[in-house]
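Data block below; observations after.
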Amino acid sequence: MKMAAAGEPHSSLYDTIVVGAGIQGSFTAYHLAKRGRETLLLEQFPLPHSRGSSHGQSRIIRRAYPQEHYAQMMAESYRLWEQLGAEAGAPLYRQTGLLVLGADTNPEFQRCCQTLVQHRVPGELFTAESLPGRFPGIRPHDGEAAVSDRTAGVLYADRALRTVQDEFRRCGGALHDGQKVTDIKPGVVVTVTTTAGVYRAKSLVITAGPWANKLLAPLRLQLPLQTLRINVCYWKEKVPGAYGVSAHFPCFMAICAPHHIYGLPSNEYPGLMKICYHSGSPADPEERDRPPEASALPDIERLRDFVSKYLPGVVPEPAVVEHCMYTNTPDEDFVLDRHPEFSNIIIGAGFSGHGFKLAPVVGKLLSQLSMGEEPSYALEPFRIRRFPAPPPAAP
Ligand SMILES: Cc1cc2nc3c(=O)[nH]c(=O)nc-3n(C[C@H](O)[C@H](O)[C@H](O)COP(=O)(O)OP(=O)(O)OC[C@H]3O[C@@H](n4cnc5c(N)ncnc54)[C@H](O)[C@@H]3O)c2cc1C
Ligand SMILES: O=C(O)[C@@H]1CCCCN1
């Protein structure tokens, strides 16, 4: 296969160019290269980097979803994660199980229970009385219940991202990092200009995370995406390891209003549990490194309150706070679709803080769209047309 080194002009035509080497773009490129398509993956920052949404050591993988479409896609996603780990000879996740905790009358909690039963996922239902017998570290409240998903666990996120990029290259793909895409000219052949060169391809996939709308603006498309700066908080165990993977403590997702709180057993930082709020403060991705004002931290206050009420063995003060970006759609469903005007431009965006575990299937679907194939799942929940048309621009 003919390949140009980074920065060298590539005279021939790529089958597909993928913009953005986060987990979604990297999986898309991997599937394309595995199918023998000549593929170029472009990334604005030198890799690895921590400015988007795919960095960090851990992400939850789970089958427990209130929406049937994700629960269904997860069956294949687990297989593809397994396959990638086997290809690379490195395990990419650790099974820890997950507890969904909520009021037993909460509709979202009930939908999670239903999908678990429907898909025959091994697990158990606990009442507020029976849960502490099994997991003494959690103190549920009256009227609450928990359901476990035994298949769930922790994905080793940084390792997974590096692995999928390595496998993409091993299949003949070209990855050029440190090259920002500055211009896209649509057409039967799409022309992509970066800070280092000009490339041409028969199709283009845009997986630019929180930068999606910046790339789409010159293509006359704006999606209703909100970019949020998320505090990733780690909390000290009073007895090191009590909430750890070796003590078989599970991940958890507490259905709280207005946003969920979730946690992962201590592992990446010994003695520290990762416990986060499923929302953050609106921020432009270019400004994400700027510390927020103290008044903009209601999430940490909510987390302190949760930790002191539910997790008696954890110190209710974050010991480490890192950052990451969410790109949310109004309904928190992804965007997986063609550009409405340019059918060879495919968009994967709006992963709304829950896209990592699904990246193997998302990448497959985006690769299918870019090859003009019938996608292997119904894409209705992910279409751009589900959003109301924006009001016409003022004259
Ligand atoms: C704190 C946190 C916790 C999360 N927890 C979970 C979880 O437990 N389970 C789960 O499944 N998911 C989770 N997620 C969500 C998941 O991590 C994201 O959905 C996923 O990483 C999104 O990947 P992406 O490829 O769309 O975006 P990104 O990783 O942001 O990738 C986009 C890439 O595009 C590049 N780019 C942008 N513009 C250009 C340009 N002009 N030229 C070239 N390159 C460009 C960017 O630099 C970036 O590398 C979490 C996310 C966060 C932030
Ligand atoms: O996707 C997930 O599994 C986690 C749990 C809850 C919210 C944040 N993301």
Side-chain angles (χ1 to χ4, degrees), residues 56 58-60 62 64-66 96-110 112 126-149 152 154 228-245 247-269 271-281 292 294-324 326 328 332 352-354:
S58 59
R59 293 291 188 280
I60 293 175
R62 61 184 155 106
Y65 254 104
T96 63
L98 167 125
L99 283 173
V100 180
L101 181 72
D104 51 13
T105 51
N106 179 288
E108 188 175 341
F109 177 77
Q110 292 175 346
C112 279
F126 299 93
T127 60
E129 293 71 40
S130 67
L131 186 67
R134 175 72 183 80
F135 298 105
I138 301 194
R139 194 190 287 155
H141 292 194
D142 286 349
E144 287 179 338
V147 66
S148 64
D149 167 356
V154 178
L228 300 171
R229 179 188 207 262
I230 305 293
N231 289 315
V232 184
C233 303
Y234 293 84
W235 309 69
K236 195 166 182 235
E237 297 163 296
K238 291 179 184 165
V239 176
Y243 290 81
V245 285
H248 304 291
F249 197 79
C251 297
F252 71 82
M253 187 172 82
I255 299 180
C256 308
H259 300 287
H260 298 349
I261 288 174
Y262 64 96
L264 284 74
S266 64
N267 191 33
E268 56 218 71
Y269 291 114
L272 299 186
M273 232 192 133
K274 179 173 172 180
I275 306 168
C276 306
Y277 191 58
H278 184 43
S279 191
S281 13
S295 59
L297 292 171
D299 53 335
I300 307 246
E301 204 34 62
R302 287 195 173 100
L303 287 167
R304 278 195 197 104
D305 186 54
F306 179 89
V307 170
S308 48
K309 286 187 180 142
Y310 286 82
L311 302 166
V314 178
V315 179
E317 189 58 43
V320 173
V321 181
E322 297 176 350
H323 302 102
C324 191
Y326 274 12
N328 282 16
E332 297 193 9
S352 305
H354 65 109

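The distance from the OG atom of S148 to the CG atom of L99 is 6.0 Å, given to the nearest 0.5 Å. Rounding to the nearest 0.5 angstrom, the gap separating the SG atom in C324 from the CG atom in N231 is 11.0 Å. Atom SG of residue C112 and atom CE of residue M253 lie 4.5 Å apart, to the nearest 0.5 angstrom. Once rounded to the nearest 0.5 Å, the distance linking CG of L101 with CG of L131 reads 7.0 Å. Remark: D299 CG to I230 CD1 distance equals 8.0 Å, nearest 0.5 Å. Distance check: C233 SG to Y277 OH gives 12.0 Å after rounding to the nearest 0.5 Å.
When side chains are defined from C-beta on, R62 does not count as touching Y262, because their heavy atoms never get closer than 4.5 Å. Residues L264 and M273 are not in side-chain contact: their nearest non-hydrogen atoms beyond the backbone lie 4.5 Å or more apart. At a threshold of 4.5 Å between non-hydrogen side-chain atoms, the residues F109 and E144 do not count as touching. Using a 4.5 Å heavy-atom threshold, the side chains of K309 and R139 count as separate. I138 is listed as a side-chain neighbour of L311, based on a closest heavy-atom distance under 4.5 Å. Side-chain contact check for I300 versus P318: some heavy-atom pair is nearer than 4.5 Å. Taking 4.5 Å as the limit, every side-chain heavy atom of P265 sits out of range of all side-chain heavy atoms of P250.
Checking side-chain atoms of K274 against main-chain N and O of R59 turns up no donor-acceptor pair under 3.5 Å. W235 places a side-chain N or O within donor-acceptor distance of the main-chain N or O of I275, the cut-off being under 3.5 Å. Checking side-chain atoms of Y243 against main-chain N and O of G313 turns up a donor-acceptor pair under 3.5 Å. Judged purely by atom type and a 3.5 angstrom limit, H354 uses its side chain to pair as donor or acceptor with the backbone of E332.
Of all non-hydrogen atoms in E129 and P132, the two that sit nearest each other are O-CD, 3.5 Å. H248 and F135 make their closest contact through O-CE2, 4.1 Å (heavy atoms, listed as atom of the first residue, atom of the second, distance). Looking at every heavy atom in both residues, E301 comes nearest to R304 through OE1-NH1, 2.6 Å. Of all non-hydrogen atoms in G280 and L228, the two that sit nearest each other are O-CD2, 3.8 Å. Contact record, V154 with C251: CG2-SG, 3.7 Å, taken as the closest heavy-atom pair. The two residues S266 and G244 come nearest to each other via the heavy atoms OG-CA, 3.1 Å.
Under the 6.0 Å cut-off for aromatic ring centres, F126 and F252 do not qualify, their centroids lying 6.0 Å or more apart.
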